[in-house]
Amino acid sequence: MKLYFLLTVLILLPIFASSQYNNNHQLEQSRYYERQRTANNQKLSNDIAKSDRDWATRSRMNQLMNKNGAADKKITSQENNKKKLEEKTAKLDSDLKTQKEKLATLENLDNSQDNNSKKNIEKTKEQISKTEEKLNIAKAELEKSSKNLEDLKKEKEISLTKQADLEKKEKEENERKQKQEEINKALSKNLKTN
């Protein structure tokens with residue numbers, strides 16, 4: 001009886017051992033696949049987050065670039081406007097000088113007290129006052145235009161600074177992402193070898 005028992009144990013021992021080995025092997029395989037799936041899911045979620053951040057960064061960059069382009073157009077328009085106002089002011093200033101010279105000559109020639117020369121003097125004085133009003137208005141518009149131009153240039157400088165900062169952050173983010181990808185590749189290689 002002992003002999004039969006030993007024979008039965010010797011015959012059944014390899015069967016139990018192989019089934020236990022198969023279970024361990026299947027367990028290892030399932031753990032490996034689970035780690036792979038987890039790594040793939042993490043990589044996928046990282047890629048989605050990365051694409052979202054990239055899209056947001058590109059969107060902000062485009063907004064700043066559009067803002068800079070619009071600022072350039074406004075600055076050019078404001079510079080042209082300022083140039084026109086300077087020309088208008090210079091013209092009004094020269095007109096005022098000629099009218100004052102005309103008034104001086106009329107007053108110097110006014111030895112006779114005739115009615116016609118008095119009318120000319122009064123008419124010239126009215127023209128001078130109108131020209132002075134126009135000149136004051138043109139100078140005020142010129143000051144306003146100059147102030148607007150300075151404000152636009154400051155806005156553009158701020159926008160360019162923001163754009164440079166954003167480009168710097170994007171560059172740093174890309175470097176960080178590359179390092180993270182290298183780490184992830186090294187980890188996945190370690191997982192595969194284990």
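These numbers come from the heavy atoms of this one structure, side chains and all, not from hydrogens, waters or symmetry mates. Numbering starts at 1 and runs along the sequence shown.
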*Output all residues satisfying salt bridge (Lys or Arg N to Asp or Glu O under 4.0 Å) with Lys91, sequence neighbours left out; order by chain, then residue number.*
Asp95

*Quick one: side-chain hydrogen bond (donor to acceptor under 3.5 Å, both in side chains) partners of Glu181, sequence neighbours excluded?*
Lys50

*Apply side chain to side chain contact (heavy atoms under 4.5 Å, CB included) to Glu87 and list each qualifying residue two or more places apart in sequence or on a separate chain.*
Lys83

_Test of understanding: with salt bridge (Lys or Arg N to Asp or Glu O under 4.0 Å), list the residues that count as partners of Asp165, not counting sequence neighbours._
none

_With sequence neighbours excluded, residues passing salt bridge (Lys or Arg N to Asp or Glu O under 4.0 Å) with Asp72_ = Lys156

_With a 3.5 Å distance limit and no angle check, can you tell me whether Thr161 reaches the backbone of Glu157 through a side-chain donor-acceptor pair?_
yes

*Could you list the residues that satisfy side chain to side chain contact (heavy atoms under 4.5 Å, CB included) with Glu167, not counting sequence neighbours?*
Met61, Gln163

*Could you tell me whether the side chain of Glu34 reaches within less than 4.5 Å of the side chain of Thr38, counting heavy atoms only?*
yes

_Glu172: salt bridge (Lys or Arg N to Asp or Glu O under 4.0 Å) partners, not counting sequence neighbours_ = none

*List for me each residue that meets side chain to side chain contact (heavy atoms under 4.5 Å, CB included) alongside Glu86, sequence neighbours excluded, and say none if there are none.*
Lys82, Leu142

*Just grab all the side chain to side chain donor-acceptor pair (under 3.5 Å) pairs involving residues 127-145, residues at least two apart or on different chains.*
Gln78-Ser145, Gln99-Thr131

*To the nearest 0.5 angstrom, please state how far the NZ atom of Lys74 sits from the CG atom of Asp151.*
11.5 Å

_Straight-line distance of Ile128 CD1 to Leu103 CG, nearest 0.5 Å_ = 4.5 Å

_Nearest 0.5 Å, please: how far is CD1 in Ile158 from NZ in Lys154?_
8.5 Å

_A quick test of your reading: do over 12 heavy atoms of other residues, nucleotides or ligands sit less than 6.0 Å from NZ of Lys177?_
yes

*Show your reasoning for whether side-chain contact (heavy atoms from CB on, under 4.5 Å) applies to Asp93 and Lys97.*
CA-CA 6 Å; Asp93 200 29; Lys97 285 181 184 177; 4.2 Å; yes

_side chain to side chain contact (heavy atoms under 4.5 Å, CB included) partners of Gln42, counting only residues at least two apart_ = Asn46

*Is the side chain of Thr89 donor-acceptor paired with the backbone N or O of Leu85 at a distance under 3.5 Å, no angle test?*
yes

*Could you give the distance from CG (Leu135) to CD1 (Ile137), rounded to the nearest 0.5 Å?*
10.0 Å

_Check ion pair Glu173-Arg176 (N to O, under 4.0 angstrom)_ = yes

*asked:* Please report the interatomic distance CD(Gln180) to CD1(Ile183), rounded to the nearest 0.5 Å.
replied: 5.0 Å

*Could you tell me which residues satisfy side-chain hydrogen bond (donor to acceptor under 3.5 Å, both in side chains) with Lys169, sequence neighbours excluded, listed by chain and number?*
none

_Through direct or indirect side-chain contacts below 4.5 angstrom among Ile, Leu, Val, Met, Phe, Trp and Tyr, which residues connect to Ile75?_
Leu149, Leu152

